[in-house]
Amino acid sequence: MRDPSEQDTIPPPLRGTALGRAETWPPTPTAAVSLDAFGITDRGKVREDNQDHFYLGQIGRFSRILTTSLPKGELPDTFEHANHVAVVADGMGGHKGGEVASRTAIIVFFHLLFDTPDWVLRVDEDNVQKILDRAAIRYRSLDELLAERARVDPELSGMGTTMTLTYSIGLDLFLAHVGDSRAYLCREGVLRQLTRDHTHVQQLVDAGMLTREQAATHRLRNVLTNVLGGGMPLNDVDVHRVGLAPGDVVLLCSDGLYDVVTDEEITSVLSGADSAREACRRLIDLALARSAPDNVTVVVSRYGQAAGRERSTEAELNP
């Protein structure tokens, strides 16, 4: 029998790759970014139930050496590449339907994601459009599923939901949106709305028939023109990419927040809070102080320059 140690050779690395010790490997995009994130949902002071749902978490790939014959240091003992996902969904459709719609939309979205064999975990010019296209396709699948469930269960007739989602790879933020929940970016004390409300009043603003100030108090400001499910055809899914910078704060929220808390107040909280938890708590408290006539949900993500790889994501639910 031949001696493998004498006759076998290590095959050359694939073209374009480089062999090196673990400490020389380039960092993943998320390794250079620190993240402090938190979320809270509250029923408010008027509604009997909470039809909002949110998700805050990480997805990625992970490896840990259990045991090996390889020399120490040739591979990292632990490898992690985790990207950040945040979702807010605000259901509609009666006492039961709204909660079912928002909950189902988030759960099924992640089932669709988990069934995807090739996750995109890095950003380059070849896969940016792939990320955006996949998000839009998943939203359309959700719309069809919710519509079908409402057809077979009369108690859920007319149920639908908004859904605003962000997926960050390092400092690249990908956003998918349907409805009137919102995503905001706060940078250096300036607040920018990243999403466009899918409402009848927003259409009037776009047509020049109303000002933003008039729209904020218009009696039809919450009449939706585009939702997942809801017994209406799904129009375009808004998807786009936003470049972030260290120090940026991203807020996702339902209309229960911005209907009663001003942009100036939101900016002040996001700029002045020492943590995502504090920002969420202060925003919810502001809404509650204004009687919170609707359910209120906020998710805050603070991006920074990482000194290490610490990362904090938390959540709070107030029934």
Side-chain angles (χ1 to χ4, degrees), residues 44 46 51-52 54 86-93 98 101-102 105 132 135-136 139-140 143 158 160-166 173-243 248-271 283 286-287 290-300:
V46 175
Q51 298 187 353
D52 289 0
F54 74 93
V87 189
V88 166
D90 179 358
M92 51 173 276
S102 59
L132 298 175
Y139 266 55
R140 294 193 179 281
D143 178 62
T161 186
T162 72
M163 196 162 89
T164 301
L165 176 148
T166 56
L173 185 77
F174 296 87
L175 191 148
H177 167 74
V178 164
D180 67 347
S181 296
R182 288 182 180 177
Y184 291 94
L185 170 64
C186 185
R187 175 179 293 171
E188 298 179 346
V190 178
L191 190 70
R192 171 188 168 198
Q193 186 177 329
L194 298 179
T195 52
R196 175 183 174 276
D197 295 345
H198 295 162
T199 61
H200 176 65
V201 165
Q202 182 61 51
Q203 291 179 336
L204 296 178
V205 172
D206 294 342
M209 300 174 66
L210 287 177
T211 66
R212 285 181 58 86
E213 292 72 24
Q214 291 171 327
T217 57
H218 197 282
R219 63 185 181 86
L220 299 179
R221 66 185 179 277
N222 299 123
V223 176
L224 296 170
T225 57
N226 197 29
V227 296
L228 299 175
M232 64 178 73
L234 178 66
N235 298 320
D236 289 339
V237 180
D238 292 345
V239 290
H240 58 276
R241 173 191 183 188
V242 178
D248 284 352
V249 182
V250 176
L251 166 69
L252 303 187
C253 66
S254 59
D255 60 350
L257 178 74
Y258 66 77
D259 272 352
V260 295
V261 179
T262 67
D263 285 0
E264 292 75 19
E265 290 170 321
I266 293 173
T267 305
S268 177
V269 170
L270 296 181
S271 300
L283 290 171
L286 279 172
R290 313 278 166 78
S291 299
D294 199 355
N295 308 145
V296 190
T297 299
V298 296
V299 175
V300 172

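Close placement of the His198 and His177 rings is indicated, their centers lying within 6.0 Å of each other.
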Where do Val178 and Met163 land on the side-chain contact (heavy atoms from CB on, under 4.5 Å) test, with the steps shown first?
CA-CA 5 Å; Val178 164; Met163 196 162 89; 5.7 Å; no
For side-chain contact (heavy atoms from CB on, under 4.5 Å), just list the numbers for Leu220 and Leu204, CA-CA rounded to whole Å, side-chain angles, deciding distance to a tenth of an Å, and then say yes or no.
CA-CA 11 Å; Leu220 299 179; Leu204 296 178; over 6 Å; no
List the steps and the verdict of side-chain contact (heavy atoms from CB on, under 4.5 Å) for Val46 and Asp294.
CA-CA 7 Å; Val46 175; Asp294 199 355; over 6 Å; no
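For the residue pair Gln202 / Thr199, no side-chain donor-acceptor distance below 3.5 Å is found, with atom types taken as modelled. Using modelled atom types, one finds no donor on one side chain facing an acceptor on the other under 3.5 Å when comparing Asp90 with Ser254.
Using a 4.5 Å heavy-atom cutoff, the side chains of Pro293 and Val260 are in contact. A heavy-atom distance below 4.5 Å is not found between the side chains of Val239 and Tyr139. Side chains of Leu257 and Leu251 form a contact here, defined as non-hydrogen atoms less than 4.5 Å apart. Under the 4.5 Å side-chain criterion, counting only non-hydrogen atoms from C-beta, Asp206 is in contact with Arg196. In this structure the side chain of Asn226 never reaches within 4.5 angstrom of the side chain of Val237, judged on heavy atoms. By the 4.5 Å heavy-atom criterion applied to side chains, Tyr184 and Thr267 are not counted as neighbours. Proximity of Arg182 to Gln193: side-chain heavy atoms (C-beta onward) are separated by under 4.5 Å at one or more points. Counting heavy atoms from C-beta outward, Val223 and Val201 have side chains that stay 4.5 Å or more apart.
Within a 6.0 Å radius of CZ in Arg212, no more than 12 heavy atoms belonging to other residues, nucleotides or ligands are found. Environment of CE in Met209: sparse, with no more than 12 heavy atoms of neighbouring residues, nucleotides or ligands closer than 6.0 Å.
When all heavy atoms are compared, the tightest approach of Asp143 to Val227 is OD1-O, 3.7 Å. Considering every non-hydrogen atom in both Ala183 and Leu175, the closest pair reads CB-CD1, 3.5 Å. Taking every heavy atom of both residues into account, Met92 and Gly230 meet most closely at CE-CA, 4.4 Å. The heavy-atom pair separating Ser271 from Cys186 by the smallest distance is OG-SG, 3.5 Å. Taking both residues in full, the closest heavy atoms of Gln51 and Gly98 are given as OE1-CA, 3.5 Å, listed atom of the first, atom of the second, then distance. The two atoms that bring Ala287 and Val261 nearest to each other are N-CG2, 3.9 Å, heavy atoms only.
Ser268 places no side-chain N or O within 3.5 Å of a backbone atom of Glu264 that could act as its donor or acceptor partner. Although no hydrogens or angles enter the test, the distance criterion places no donor-acceptor pair under 3.5 Å between the side chain of Asp238 and the main chain of Thr195.
Interatomic distance, OG1 of Thr297 versus CG of Leu252, reported as 10.5 Å (0.5 Å rounding). One distance of note links CG of Asp259 with CG of Asn222; it measures 5.0 Å at 0.5 Å rounding. Interatomic distance, CG of Asp180 versus CG of Leu224, reported as 4.5 Å (0.5 Å rounding). Atom-to-atom distance recorded for Ile266:CD1 and Cys253:SG is 5.5 Å, nearest 0.5 angstrom.
The only option from Thr161, Asp52, Thr164, Thr162 that meets the side chain to side chain donor-acceptor pair (under 3.5 Å) definition with Ser181 turns out to be Thr162.
Salt bridge Arg221/Asp197: absent, no basic N to carboxylate O contact under 4.0 Å.
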